[in-house]
Undergrad: 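Next up is a structure, given as structure tokens.
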There are 2 protein chains.
Amino acid sequence: MTVEIRPSQALKLWHDVTLDLVRGGDADLSARQMTILMTVYLEAPPHTVRGLAEKLGVTKPAITRALDTMGRLKLVARRRDDKDRRNVIVQRTVEGALYLERVGDLIVAKAGALPR
Amino acid sequence: MTVEIRPSQALKLWHDVTLDLVRGGDADLSARQMTILMTVYLEAPPHTVRGLAEKLGVTKPAITRALDTMGRLKLVARRRDDKDRRNVIVQRTVEGALYLERVGDLIVAKAGALPR
DNA sequence: GAAAACTGTCTCGGGCCCGAAATGATCGGG
DNA sequence: CCCGATCATTTCGGGCCCGAGACAGTTTTC
């Protein structure tokens, strides 16, 4: 299976998916929040505030605020690290996994509907 | 050329692209702004405030504010419709076209680097 | 055990975005 | 010619996000 795509198709795919996400209005995540969410679910744990801040190239308070908002939405959870109680470990949730699963399926569907 | 992709690949692709956009920090567009930008550049003109509001499922002031911000960034331009001077027509700009071209190339590059 | 280093969070001032409603400009039917 | 309909924008009150810097808790170093 190959993932070949032309720039014009790529943009149309991006457009179709973001349009659905905006219209759905479920979560209304910012680009940063979406990136944090995907990083937590796609990359190997553990995920800390500092680690996420470095990876995204933003300040730590920005990560804290994003985790506050996404925690309210039940998309992620926080837990103190027992090994080093200074650290906060970002954990996945069932709701977050389901949300990303829907996003993945949406992308696949839009990719399949793309003109050849 | 086919555009087949599995959900896990789709999510990784989305993650890789948004991470680059967040880290780059060029524009920092919200999901709505990005959707507006792509709609203006991918769909046939003319584009009006009301038409964009209906398409995205948001209020007209939200479109006006997005156009204000993106106008400051030179990504789109506004012009009065001479046929019906109540309408405002959203126009493309060179900067906007270049921005989307970079996004398209970024998606293609990330798609090509995806594990099979 | 005290001090330095490190973590995440809070505070501050400023800016942007939100939807609802009001406003100003323009068009069109009667 | 006028009054209602239709544009886009502005106003309003409220909320979230931003980075810089201060802060409290924890660990490590000496």
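Model, not experiment: these values are computed from the prediction. Naming: A, B, ... by sequence-line order, numbering from 1 per chain.
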Undergrad: Quickly work out the A:Met70 CE to D:dC17 P distance and round it to whole Å.
TA: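 Those two atoms, CE and P, are 11 Å apart.
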Undergrad: Expressed as a whole number of angstroms, how long is the span from B:Lys60:NZ to D:dT11:P?
TA: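 Between P of D:dT11 and NZ of B:Lys60: 17 Å.
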Undergrad: Among D:dC18, C:dT9, C:dC16, find the nucleotide with the atom closest to the side chain of B:Arg72.
TA: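 In terms of side-chain proximity for B:Arg72, the closest of D:dC18, C:dT9, C:dC16 is C:dC16.
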Undergrad: Hey, are B:Lys110 and B:Asp105 close enough for a salt bridge, meaning a charged N less than 4.0 Å from a carboxylate O?
TA: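 Judged by the 4.0 Å cut-off on N to carboxylate O distance, B:Lys110 and B:Asp105 do not form a salt bridge.
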Undergrad: Could you tell me whether the phosphate oxygens of C:dT9, OP1 or OP2, come under 4.0 Å of any side-chain nitrogen or oxygen in A:Thr64?
TA: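 Looking at the OP1 and OP2 atoms of C:dT9, one of them is under 4.0 Å from a side-chain N or O of A:Thr64.
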Undergrad: Rounded off to whole Å, could you give me the CG-to-P distance for the B:Leu52 and D:dC7 pair?
TA: 13 Å
Undergrad: Distance-only, no hydrogens or angles: does the B:Gln91 side chain make a donor-acceptor pair with backbone N or O of B:Arg79 under 3.5 Å?
TA: no
Undergrad: Please write out each protein N/O paired with an N/O of nucleotides 24-30 of chain C under 3.5 Å, distance rounded to 0.1 Å.
TA:
| from | atom 1 | to | atom 2 | distance (Å) |
| --- | --- | --- | --- | --- |
| C:dC27 | OP1 | B:Arg85 | N | 3.2 |

Undergrad: Please check the phosphate of C:dC6 (OP1 and OP2 only) for any side-chain N or O of A:Arg50 closer than 4.0 Å.
TA: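 It does not, given that no N or O in the side chain of A:Arg50 lies less than 4.0 Å from OP1 or OP2 of C:dC6.
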Undergrad: So does A:Arg78 get a side-chain nitrogen or oxygen closer than 4.0 Å to the phosphate oxygens (OP1/OP2) of C:dG8?
TA: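 It does not, given that no N or O in the side chain of A:Arg78 lies less than 4.0 Å from OP1 or OP2 of C:dG8.
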Undergrad: Counting just side-chain N and O atoms, does A:Gln33 come under 4.0 Å of either OP1 or OP2 of D:dC16?
TA: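 Checking A:Gln33 against D:dC16: no side-chain N or O falls below 4.0 Å of OP1 or OP2.
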Undergrad: Side chain of B:Arg80, backbone of B:Arg86: donor and acceptor closer than 3.5 Å?
TA: yes
Undergrad: Rounded to whole Å, how long is the line connecting atom CG of B:Asp68 with atom P of D:dA8?
TA: 13 Å
Undergrad: Between A:Ile63 and B:Ile63, which has a closest nucleotide on DNA chain D that is more 5'?
TA: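 Whichever sits nearer the 5' end wins; that is B:Ile63.
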Undergrad: Does A:Arg65 have a side-chain nitrogen or oxygen under 4.0 Å from the phosphate oxygens OP1 or OP2 of C:dT11?
TA: no
Undergrad: Expressed in angstrom and rounded to an integer, what is the separation of B:Leu29 atom CG from D:dC17 atom P?
TA: 17 Å
Undergrad: If you measure from the Lys or Arg side-chain nitrogens to the Asp or Glu carboxylate oxygens, is any gap between B:Asp68 and B:Arg72 under 4.0 Å?
TA: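 So B:Asp68 does not pair with B:Arg72 through a salt bridge.
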Undergrad: Side-chain N or O of A:Thr69 less than 4.0 angstrom from OP1 or OP2 on D:dC17?
TA: yes
Undergrad: The criterion is side chain to side chain donor-acceptor pair (under 3.5 Å); which residues satisfy it with A:Asp81, sequence neighbours excluded?
TA: none
Undergrad: Rounded to the nearest Å, what distance is computed from the CD atom of residue B:Glu54 to the P atom of nucleotide D:dA8?
TA: 10 Å
Undergrad: Verify the distance criterion only: is there a donor paired with an acceptor across the side chains of B:Thr35 and A:His15 at less than 3.5 Å?
TA: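 Absent: no donor and acceptor within the cut-off.
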Undergrad: Give a yes/no on whether any side-chain N or O of B:Ser30 is located under 4.0 angstrom from OP1 or OP2 of C:dC17.
TA: no
Undergrad: Applying side chain to side chain contact (heavy atoms under 4.5 Å, CB included) to A:Leu106 and B:Trp14, what does each step give before you reach the verdict?
TA: CA-CA 11 Å; A:Leu106 176 62; B:Trp14 211 262; over 6 Å; no
Undergrad: Rounded to whole Å, please give me the gap between CZ in A:Arg79 and P in C:dG8.
TA: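 It is 13 Å, rounded to the nearest whole Å.
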